[in-house]
Amino acid sequence: MIVRTTEEITGTERDVADSGWRSKRIILADDGVGFSFHETTIEPGSVHEFHYKHHVEAVWLIEGRGVLTNLETGEEHPLGPGSMYLLDGHERHRLASDERMRMLCVFNPPVTGREVHDESGAYAAAGS
């Protein structure tokens with residue numbers, strides 16, 4: 001059994017931030033459960049492009065508002081509390097926040113916690 005709080009991982013290697021976003025990585029690959037689980041915040045007025053070429057990501061927005069854009073089709077989706085999206089086709093996407101957004105995210109395969117977004121917004125394949 002694993003029990004953790006976001007408070008206890010704040011300020012550790014599981015607490016990762018960059019310009020306009022922060023990800024508290026609660027469950028990671030080394031926990032051995034086949035997925036990773038994160039609490040991610042996106043700061044208001046920020047815009048981020050991501051492309052998870054090697055991971056499927058499920059996101060549930062619990063606070064804030066913004067717009068998700070599928071960069072492959074141009075389709076836009078307004079997001080608010082209770083919105084969920086699944087990147088099951090490895091879609092290149094953009095998140096634009098109108099308000100601070102707090103999300104719970106699941107990645108499969110799990111991330112290690114040491115990944116960084118490359119110039120395309122992607123993480124490397126597992127084991128790279």
Side-chain angles (χ1 to χ4, degrees):
M1 178 183 299
I2 298 170
V3 177
R4 289 194 180 107
T5 68
T6 52
E7 182 179 339
E8 73 187 65
I9 65 171
T10 299
T12 72
E13 69 282 351
R14 289 176 177 263
D15 184 6
V16 179
D18 202 352
S19 178
W21 64 266
R22 182 178 193 177
S23 179
K24 293 185 179 184
R25 296 163 176 189
I26 302 159
I27 300 295
L28 289 169
D30 63 2
D31 291 311
V33 297
F35 64 90
S36 58
F37 183 73
H38 315 211
E39 177 191 58
T40 299
T41 54
I42 306 286
E43 293 306 315
S46 64
V47 177
H48 306 277
E49 291 189 9
F50 302 108
H51 185 196
Y52 299 117
K53 300 175 190 176
H54 310 289
H55 298 82
V56 171
E57 182 189 24
V59 178
W60 182 34
L61 181 65
I62 55 176
E63 284 179 15
R65 298 198 179 278
V67 176
L68 170 69
T69 303
N70 181 331
L71 294 175
E72 297 169 14
T73 66
E75 187 175 12
E76 293 186 346
H77 304 275
L79 301 175
S83 298
M84 184 272 183
Y85 63 90
L86 179 67
L87 301 165
D88 58 337
H90 306 284
E91 295 87 356
R92 198 168 51 89
H93 61 287
R94 177 186 306 122
L95 275 175
S97 61
D98 299 323
E99 302 171 359
R100 182 178 175 269
M101 298 167 72
R102 187 164 68 101
M103 302 169 278
L104 301 178
C105 310
V106 175
F107 281 85
N108 185 22
V111 301
T112 65
R114 294 178 297 280
E115 293 84 358
V116 294
H117 292 103
D118 67 16
E119 64 282 347
S120 74
Y123 289 150
S128 297

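Bear in mind that the values here come from a model prediction, so they are computed numbers and not experimental data. Note: hydrogens, waters and symmetry copies are ignored here, and every other heavy atom, side chains too, is used. Sequential numbering from 1 along the given sequence is applied to the chain's residues.
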inquiry  = Measuring from atom NZ of K24 to atom OG1 of T12, what distance do you get when rounded to the nearest 0.5 angstrom?
reply    = 9.5 Å
query = Does some side-chain heavy atom of N70 sit less than 4.5 Å from a side-chain heavy atom of R94?
reply = no
message = Do M101 and V59 make a side-chain contact, defined as non-hydrogen atoms from C-beta onward lying under 4.5 Å apart?
response = no
ask   = Going only through I, L, V, M, F, W and Y residues with side-chain contacts under 4.5 Å, is there a path from L104 to V106?
value = yes
task = Measure across S46 and G20 and return the closest heavy-atom pair with its distance rounded to 0.1 Å.
result = OG-O, 3.6 Å
message = So M103 and L79, do their side chains get closer than 4.5 Å, heavy atoms only?
response = no
message = Tell me if a side-chain donor or acceptor on H51 pairs with a main-chain N or O of H90 at a distance below 3.5 Å.
response = yes
query = Does I26 offer a backbone N or O that forms a donor-acceptor pair with the side chain of H38 under 3.5 Å?
reply = no
request  = Report the distance from atom CG of L68 to atom CZ of F50, rounding to the nearest 0.5 Å.
outcome  = 11.0 Å
remark   = For H54 and P109, the nearest pair of non-hydrogen atoms, with its separation, is O-CD, 3.2 Å
ask   = Among T40, D15, T41, whose side-chain hydrogen bond (donor to acceptor under 3.5 Å, both in side chains) with R22 holds?
value = D15
Euclidean distance, E57 CD relative to L87 CG, rounded to 0.5 Å = 5.5 Å
message = I need the L28 CG to T112 OG1 distance, nearest 0.5 Å.
response = 7.0 Å
message = Once rounded to the nearest 0.5 Å, what's the spacing between atom SG of C105 and atom CH2 of W60?
response = 12.0 Å
query = Is there a donor-acceptor pair under 3.5 Å between the side chain of E63 and the backbone N or O of R100?
reply = no
query = For the residue pair S36 and V111, what are the closest heavy atoms and their distance?
reply = OG-N, 3.1 Å
inquiry  = Please give me the minimum heavy-atom distance between R14 and R4, naming the atom from each residue.
reply    = NH2-NH2, 3.6 Å
note = CD of E91 to OG1 of T69, rounded to nearest 0.5 Å, is 12.5 Å
ask   = Between H93 and Y52, what is the ring plane arrangement, given parallel below 30°, perpendicular above 60°, and tilted in between?
value = tilted
query = Do L86 and I62 belong to the same hydrophobic cluster, where Ile, Leu, Val, Met, Phe, Trp and Tyr are linked whenever their side-chain heavy atoms lie under 4.5 Å apart, directly or via other members?
reply = yes
query = Looking only at heavy atoms, which two atoms of I27 and D31 are closest? And how far apart?
reply = CA-OD2, 3.4 Å
query = Do you know the tightest heavy-atom contact between P44 and S97?
reply = CA-OG, 3.4 Å
message = Less than 4.5 Å apart, side chain to side chain, heavy atoms only: is that true for H77 and Y85?
response = no
query = Is there a path from V67 to I42 through hydrophobic residues (I, L, V, M, F, W, Y) whose side chains come within less than 4.5 Å of each other?
reply = no
Beyond-backbone contact of S23 with E39, side-chain heavy atoms, under 4.5 angstrom = no
key: Within-4.5 Å side-chain heavy-atom neighbours: F37 and I2   = no
